[in-house]
Amino acid sequence: MKFQAPRGTEDILPGKSEVWKWLEDTFRRVAERYAFAEIRTPTFEDIELFKRTAGETSDVVQKEMYDFIDKGGRHIALKPEGTAPVVRAYLENNLGGQGQITKLYYIMALYRYGRPQKGRLRELHQTGVELIGSSQPDGDAEVIELTTRFYEEIGLHDLVVTVNSIGETECRNRYREALLEFAQPILLDMKPDERAKCEKNPLRLLDTKSEDLKAKLVDAPDIREYLEADSQEHFEKVLDRLDALRVSYRVDSRLVRGLDYYTRTVFEVESSELGSQSALCGGGRYDKLIEQLGGPPTPAVGVAMGIERAILVLEALGRNPSGLTGIEAFFVCLTEDRNRFAQILQMVRKEGCKIDSDLEFRSAKSQFRQADKSGAQFAVVIGDDELTTGAAKIKNLKNGEESTVPMASISNAIRGSKQ
RNA sequence: GCGACGGUAGCUCAGUGGUAGAGCACCUGACUGUGGCUCAGGGGGUCGCGGGUUCAAUCCCCGUUCGUCGCCCCA
């Protein structure tokens, strides 16, 4: 019996885990600069939390949840998205008392039972922020700017944000009807299940990938003509702020999002490097969600970014994040006195150096080969001669120069020349 | 969940109805304590898993699993 990782999951191995660490560190740094604080929520929640919020028409909830009945008879779901759990925690812990603004960020694993593909795993990871308590367009803009800031800092330039406003519930309902009416003839030649989906949520029509369908929809009504004055004004202010911050964006009235709780501003970033899983991140305002979960009416806006997808884009562009960890020195053992040798390693490690050595009693030649491959700048030679004189030989592997330093100054010698 | 294609050494892949190969990587050696180049030698694969056809299958058939691409959906 050979075990393998469950379908749609992956191991993140050394060589790649460094990129993950770097990406997460960068995200934390950026989010904290905007005064967001980290929140961590449980891996699983009461399934109702997601049913209540993500919407009946959303596939994420309809068919992609990992759910089970636990031993106490509770119906549990592994979280398929991050916003609902964060809002649940926000309400449960009274984070936002008295009209405060709460800024939270997260890095979490999510679970969606779909057919796996590159860039679409069953266990996926997202970073995101939620800005809760402000209805001002300034919040929308700050979240969008933070998002572009993050992508800039991981070396993804020239990404364009697509933004749209889908207004409040009422105007969206009116629009929905108008669109449905326009689309009647189109719906007639669709397959029954596809048609049912579109009839239930006509907005789905808009983000189709079918060129054919797109062509039929060129003259479809435009949602922005249905926006109520407040939403329209809000949207304009967001765009004005993005202009002022020099965030490049594209307005696309066809952009709608898959989760039902969005209101007003929605946005996403795509990359052409990603094939059919092109979205790098998605977000927007969700002013009604908190009420839906039993809280006081509280406006909020947030974004979720796919970590795997960001990494795929970096790989596709051939970016190799530099400055990743490696060892500083490789210690070559040429004495039978392995205890003394180990003590020296212990000392240097206590002093904070990242070092390695051969554990297999291999030849000097082999040890130097390992030193070379390790990428370390130095090989430190400890043999019987060195033990008697109390001074190690340090070889700079880049230029071949050798010098002799007292045992006590090995770490200084390694570090000293680092800058 | 639907359709198509794929799974051979650590990696990238070739190959044939008679139980397998290359390149790279790895290990050892080329005068006793010195790497990156070169040369010589070496280890390593139940050819995804299970069943069937056959005298015989890695190669044919069926099933299954995992992946890739598209759809769906989304991050």
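Protein chains get the first letters and strands the later ones, always in sequence-line order, with residue 1 at the start of each.
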Look at [X] and [N] and indicate whether a side-chain polar atom (N or O) is within less than 4.0 Å of OP1 or OP2.
X	N	answer
A:S366	B:U28	yes
A:K118	B:U68	no
A:R115	B:C71	no
A:Q117	B:G70	yes
A:R120	B:G70	no

Distance in Å, [X] [atom1] paired with [Y] [atom2], rounded so as to fall on 0.5 Å steps:
X	Y	atom1	atom2	answer
A:L179	A:I223	CG	CD1	9.0 Å
A:E64	A:R115	CD	CZ	13.0 Å
A:L334	A:F341	CG	CZ	8.5 Å

Could you tell me how far apart [X] ([atom1]) and [N] ([atom2]) are, to the nearest whole angstrom?
X	N	atom1	atom2	result
A:Y111	B:A75	OH	P	17 Å
A:L334	B:U32	CG	C1'	12 Å
A:E315	B:U68	CD	P	12 Å
A:R309	B:A75	CZ	C1'	5 Å
A:L13	B:C11	CG	P	11 Å
A:F330	B:U34	CZ	P	16 Å
A:E10	B:U68	CD	C1'	14 Å
A:E273	B:C69	CD	P	14 Å

Quick one: label [X] by what it contacts on the DNA or RNA (base, sugar-phosphate, nothing), any heavy atom closer than 4.0 Å.
X	result
A:Q367	nothing
A:R362	sugar-phosphate
A:A304	sugar-phosphate
A:V332	nothing
A:G400	base
A:G114	nothing
A:E386	base
A:G375	nothing
A:I382	nothing

For [N] versus [M], give the span between their [atom1] atoms, rounded off to a whole number of Å.
N	M	atom1	value
B:A25	B:C61	P	38 Å
B:C24	B:A20	P	23 Å
B:A22	B:G15	P	15 Å
B:U28	B:C47	P	29 Å
B:C2	B:C73	P	16 Å
B:U46	B:C62	P	26 Å
B:C37	B:C5	C1'	43 Å
B:C49	B:A4	P	24 Å

In the strands shown, is [N] matched to any nucleotide by a Watson-Crick or G-U wobble pair with both distances under 3.5 Å, and which?
N	result
B:A14	none
B:G1	B:C71
B:A20	none
B:U64	B:G48
B:G29	B:C39
B:U34	none

Expected output: side-chain [X] to main-chain [Y] donor-acceptor under 3.5 Å:
X	Y	answer
A:K118	A:L312	no
A:Q377	A:E328	no
A:R349	A:I355	yes

> Start at the 5' end of RNA chain B and walk down; is the nucleotide closest to A:T9 or to A:M305 reached first?
Replying inline: A:T9
> Which comes earlier along RNA chain B counting from the 5' end, the contact point of A:K398 or that of A:V269, where each point is its nearest nucleotide?
Replying inline: A:K398
Check every atom of [options] against the side chain of [X] and return the nucleotide holding the closest atom.
X	options	answer
A:K373	B:C26, B:C71, B:U34	B:C26
A:D372	B:G36, B:U34, B:G67	B:G36
A:R204	B:U28, B:C74, B:U34	B:C74
A:R369	B:A75, B:G35, B:U34	B:G35

> B:U65 base to A:Q4 side chain: any donor-acceptor pair below 3.5 Å?
Replying inline: no
> Taking the six-membered ring of A:Y262, is NZ or CZ of A:R172 closer than 6.0 Å to its centre and within 45° of its axis?
Replying inline: no
> Within 45° of the ring axis of A:Y113 and under 6.0 Å from its six-membered ring centre, is that where the NZ or CZ of A:R122 lies?
Replying inline: yes
>> In this structure, is the centre-to-centre distance between the rings of A:F44 and A:Y66 below 6.0 Å?
In response: no
